[in-house]
Amino acid sequence: MAQKCSARIHGLSLHPQLNGKEVQIMGFEAGRYLVMLPNSDAVLTLKPGNAILRAGTCVRLQGLSPLDLNGKMALICEVDLDAGRYSVECADGRQIRVRCENALC
């Protein structure tokens, strides 16, 4: 279950014309976000690493090797597109960097 939030498409090679477009995340299914482009009824599916969330978005952490962090809530503080990572602040106050695909809205 995903919260409704916005993201920016990044890193698509088959449809590079979509990179940089803002989308609305409508849900999450089979490991992919269901997104809508503005002024369109078409629904696209994107891997989490291709839907870059904004700073200030609340996320749930997943797929991390410190297993105690998986399933925990965090807040995106900064986005580093070059590294493909978010800097997040966990609910317990810890600040960590995670790959974009390891943080779901």
[X], [Y]: one ILVMFWY side-chain cluster at the under-4.5 Å cut-off?
X     : Y     : answer
Val79 : Val59 : yes
Val43 : Met26 : yes
Leu18 : Val23 : yes

Inspect the surroundings of CD in Glu29 and state if more than 12 heavy atoms from other residues, nucleotides or ligands are less than 6.0 Å away. no
Testing the basics here: between [X] and [Y], what is the closest heavy-atom pair and its distance to 0.1 Å?
X     : Y     : answer
Phe28 : Pro48 : CE1-CG, 3.9 Å
Cys77 : Ala55 : O-CB, 3.7 Å
Lys72 : Asp68 : CE-O, 3.1 Å

For [X] and [Y], indicate whether the former's side chain and the latter's backbone hold a donor-acceptor pair under 3.5 Å.
X     : Y     : value
Asn70 : Leu64 : yes
Arg97 : Ser87 : no
Tyr33 : Gln24 : no

Distance check, rounded to the nearest 0.5 Å: Ile9 atom CD1 versus Lys21 atom NZ?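 Those atoms lie 8.5 Å apart.
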Is there a side-chain contact between His10 and Ile52 in this structure, where contact means two heavy atoms from C-beta onward sitting under 4.5 Å apart?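 Yes. Closest side-chain heavy atoms under 4.5 Å.
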So, using side chain to side chain contact (heavy atoms under 4.5 Å, CB included) as the criterion, who are the partners of [X] when residues are at least two apart?
X     : answer
Ala91 : none
Ser40 : Leu37, Ala42
Cys90 : Leu61, Leu69, Asp92, Arg94, Ile96

Who are the side chain to side chain donor-acceptor pair (under 3.5 Å) partners of Glu22, not counting sequence neighbours?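 Partners of Glu22 under the side chain to side chain donor-acceptor pair (under 3.5 Å) test: Arg54.
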Of all residues at least two apart in sequence or in a different chain, which pass the side chain to side chain donor-acceptor pair (under 3.5 Å) check with Thr45? none
Pair up each side-chain donor or acceptor in residues 98-105 with any protein partner under 3.5 Å, not counting sequence neighbours, and list the distances.
residue	atom	partner	partner atom	Å
Arg99	NE	Asn102	OD1	3.2
Asn102	ND2	Gln62	O	2.9

